[in-house]
Amino acid sequence: MEQQANPLLDFSGLPRFDAIEPAHVTPAMDLLLAQARDTMARITGAATPATWEAIVEPLDDVTDRLGRAWGAVSHMNAVVDTPALREQYNANQPKLTAFFTELSQNEALYARFKELAAAPDFASWPAARRKVVANELRDFRLGGAELPAGQKARFKELCEREARVSTRFAENVLDATNAFALYVDGAAALAGVPDDALQMFAEAAAAEGRSGYKISLQYPSYAAVVDYADDRALRQQLYRAYTTKASEFGKPEWNNGPLMVELLSLRQEHARLLGYSSFAEVSLVPKMADRPDEVLDFLRDLGRRARPYAERDMSELRQFAARELGIVDLQPWDFSYASEKLREARYAYSEQDLKQYFTEPRVLQGLFKVIETLFSVAIREDRAPVWHPDVKFFRIENLKGELLGQFYLDLYARDHKQGGAWQDDARSRRGRRADMPTPVSYLTCNFSRPVGGKPATLRHDDVLTLFHEFGHGLHHMLTRVDEPSVAGIHGVEWDAVELPSQFMENFAWEWEVLQLLTDHVDTGDRLPRALYDKMIAARNFQSGFYTARQLEFALFDMLLHAGPPPTADAEVLALLGRVRREVSVLVPPEYNRFPHSFSHIFAGGYAAGYYSYKWAEVLSADAYSAFEEGGVLNPAIGRRFQDEILAVGGSRPAMQSFVAFRGRKPTIDALLRHHGMVN
């Protein structure tokens, strides 16, 4: 295939998603990998001087092209999965893993970076460049560069197999989700389910040429049933299907149990080769936390603080369910349903009432206004090739009209798209030369799409998710760092990377912001103050329970990676059972297979790092308290947050950035106050 005919090899602008075909993947990857290896050979040769311009810039150039091309392929594999694309992805992923393992083990390249660090003028280099070199030296050690030859080969095998297993894990979750369908003939069986969800179910059935209703395991569909369906047996049926995805209860080829065990064993051997006693220790090397026991102490301390509130939440819900709903043995499939009924009874509003005010166009308009006010930018619609008709594209400019960044927005759940919400980078800032591109983000969610000819309406939780992912996007797009490996989200300690995202969620609770975000789907009215007051009164509704739930996930993850690897998936489940007995107040049934679809730690970047959400929440709550003290939409404080947090990215330690913004180290006080866990 001619190079110019392959859209994956066109780096002149944005990815050509309308032209990329599975057949383009292997030729592009083979060529780019060959070019990368040629560059590595050249910059490690004796004729190449040990300078930034001769070593780092060529390496950045070639890995940037490789990353942009593979990033487009990976993104499409996540959002428009097809058998042909998956085949190409799986055929080429090992090649990429092998290359980056080779790069991290390349002793000659490691030596060149040591030469850079030893340069007489190194101390006077810009801080970002010194941070790049320090990170590279650390990553060479973590990549096995100091291992003897035989162990290097085994380390490479481990990395390649870990990548394969993680990919298969995610594929199994997606396939198991897509395979489930429950068809219901009459609306009577769906009593209690909101009209917009019924319309969604009806349109899903009609798309297959069927009458009645189709319920799937995509989250908007699943949540509509377990939150609202009066039929307890139906809720239980959906709950069981959702919580046994990718387990031994389904197709054997989709069972993630053996993959979990294998991956944990691989990670343990990986850690031992590097001289660590557990994978948790390896995971923490580039994070703010130093040791697994430090993380466990933090989580358990928070657990002790949250436990009384979680127990109170559950006691209240059990009493209400028994007294008002006739449910005397509250089960997990009753929890969301009973909670919504209790919310309605206690606060005189329902989430469904609130949802009607959050129309997608108004939410986006309001979100953009918040960002424009805080950070002195303008957000405008833009044009680019996209991978699906749902996708929108925008640009962010400064007040001079200069382009700062761009982003794709893919909001709706659909078949062949992985669940959840995430931000990823399509392109990073490279600011050294005038022709270097500005950053571009992928912002992906799985919300309900428009139905019945009306705009899509979002739950308030969806609005929080949107603000969250935009926080990541702003971190990536508003960077002012020129070195790509520490620009934006890159190089930021993983347990601090959630700071901007969780910080942004706070604005979606403020009255003046909600006036910008709301527009009733039928009347066009803004959110009434009376409903807002009820919503705020309910803000910490069951916050103890949900804190305990997050701690359950984080403790399970850390203990799983800090101890000896399990030899069977039953041991994984047994560990989770012990964690639940320590922190949980609603223990699920024995058949629950939550770990089998816990993609964050088995197919994402959160292995021995899920605690990051709670630690970063401490940082974000404390950071946001500056706005509570000085004005919610105060541009001066926004500019300081941009200057000290967003703009500097990973060019300095996250704690330094936090202290530069807040004037002191973080405390847990604001987090506890935000969750109503103070006396």
Side-chain angles (χ1 to χ4, degrees), residues 1-37 62-100 159-179 207 218 246 251 253-254 259 384-393 408-410 412-420 422 424-427 440-444 446 599 603-604:
M1 183 177 295
E2 292 294 325
Q3 179 172 341
Q4 58 268 30
N6 191 326
L8 287 171
L9 297 173
D10 181 0
F11 302 106
S12 60
L14 296 162
R16 289 162 48 192
F17 286 112
D18 55 344
I20 297 170
E21 299 288 345
H24 295 133
V25 178
T26 293
M29 291 305 112
D30 287 347
L31 177 62
L32 292 170
L33 286 167
Q35 291 175 347
R37 287 189 170 96
V62 75
T63 54
D64 177 70
R65 291 194 297 273
L66 186 58
R68 285 170 63 182
W70 184 244
V73 174
S74 299
H75 184 71
M76 291 180 69
N77 190 57
V79 294
V80 283
D81 174 68
T82 65
L85 181 60
R86 182 182 293 191
E87 180 182 1
Q88 287 297 307
Y89 179 86
N90 285 330
N92 284 277
Q93 186 196 46
K95 301 177 188 176
L96 272 291
T97 304
F99 168 76
F100 283 106
C159 292
E160 291 174 11
R161 182 60 187 166
E162 287 170 43
R164 283 181 182 270
V165 173
S166 291
T167 297
R168 180 64 184 275
F169 186 100
E171 290 173 353
N172 288 347
V173 174
L174 179 62
D175 290 345
T177 301
N178 287 339
Q218 291 178 5
K251 286 190 176 182
E253 60 268 32
W254 295 340
L259 296 182
V386 295
W387 53 89
H388 191 276
D390 288 347
V391 180
K392 300 179 175 70
F393 189 67
Y408 300 90
L409 196 58
D410 187 354
Y412 310 134
R414 58 177 177 266
D415 290 340
H416 310 293
K417 177 182 178 182
Q418 290 181 7
W422 66 90
D424 205 351
D425 60 297
R427 194 171 72 190
V440 182
S441 276
Y442 301 120
L443 296 166
T444 308
N446 273 276
S599 296

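These values consider heavy atoms only, across backbone and side chains, with no hydrogens, waters or symmetry-generated copies. A quick note: this is a predicted structure, and the numbers were derived from the prediction, not measured. Along the sequence shown, the residues carry numbers beginning at 1.
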Asks: So, Arg86 and Asp175, do they make that salt bridge, N to O below 4.0 Å?
Replies: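 Result for this pair is yes, salt bridge flagged.
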
Asks: Check the pair Asn446 / Gln418 against side chain to side chain contact (heavy atoms under 4.5 Å, CB included), numbers first and verdict last.
Replies: CA-CA 9 Å; Asn446 273 276; Gln418 290 181 7; over 6 Å; no

Asks: Could you check if a side-chain atom of Gln93 sits within less than 4.5 angstrom of a side-chain atom of Trp70, using non-hydrogen atoms only?
Replies: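 Contact flag for Gln93/Trp70 side chains = yes.
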
Asks: Using the rule given for ring pair (Phe, Tyr, Trp, His ring centres under 6.0 Å), can you reason through Trp387 versus Tyr442, listing the C-alpha separation, both sets of side-chain angles and the distance that settles it, and then say yes or no?
Replies: CA-CA 11 Å; Trp387 53 89; Tyr442 301 120; 5.8 Å; yes

Asks: May I ask you to test the Val79-Arg414 pair for a side-chain heavy-atom distance under 4.5 Å?
Replies: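 Yes - at least one pair of side-chain heavy atoms lies under 4.5 Å apart.
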
Asks: Would you say that Arg164 contacts Thr97 through its side chain, given a criterion of any heavy-atom pair below 4.5 Å between the two side chains?
Replies: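 They are not in contact (no side-chain heavy atoms under 4.5 Å apart), so the answer is no.
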
Asks: Sequence neighbours left out, what pairs pass salt bridge (charged side-chain N to carboxylate O under 4.0 Å, His left out) with at least one residue falling in residues 67-76?
Replies: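 Listed once each, the pairs are Asp64-Arg68.
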
Asks: Between Gln218 and Asp415, is a side-chain hydrogen bond (donor to acceptor under 3.5 Å, both in side chains) present by the stated rule, with each step listed?
Replies: CA-CA 8 Å; Gln218 291 178 5; Asp415 290 340; 2.9 Å; yes

Asks: Out of Asp18, Val391, Asp410, which one pairs with Val386 under the side chain to side chain contact (heavy atoms under 4.5 Å, CB included) rule?
Replies: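 Of all the options given, the one that passes is Val391.
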
Asks: Is there a donor-acceptor contact under 3.5 Å linking the side chains of Arg168 and Asn172?
Replies: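 Judged by distance alone, the side chains do pair up.
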
Asks: For the backbone of Thr26 and the side chain of Lys95, can you confirm whether one donor and one acceptor N or O come within less than 3.5 Å of each other?
Replies: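 Not confirmed, Lys95 side chain does not pair with Thr26 backbone.
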
Asks: Could you walk me through whether His416 and Asn178 pass the side chain to side chain contact (heavy atoms under 4.5 Å, CB included) test, one step at a time?
Replies: CA-CA 7 Å; His416 310 293; Asn178 287 339; 3.8 Å; yes

Asks: Minimum heavy-atom separation for Leu8 to Ala69, with atom names?
Replies: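 Minimum heavy-atom contact is O-CB, 3.6 Å.
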
Asks: Do Val73 and Gln88 have side chains that approach each other closer than 4.5 Å (heavy atoms only, starting at C-beta)?
Replies: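 No, too far: nothing below the 4.5 Å cut-off.
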
Asks: Check whether any side-chain heavy atom of Tyr408 sits under 4.5 Å from a side-chain heavy atom of Val440, and report yes or no.
Replies: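 In contact.
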
Asks: Can you find a pair of side-chain heavy atoms, one from Phe393 and one from Leu14, that are under 4.5 Å apart?
Replies: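 Yes. Closest side-chain heavy atoms under 4.5 Å.
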
Asks: Does His24 reach the main-chain N or O of Glu21 with its side chain, forming a donor-acceptor pair under 3.5 Å?
Replies: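 Such a contact is found between His24 side chain and Glu21 backbone.
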
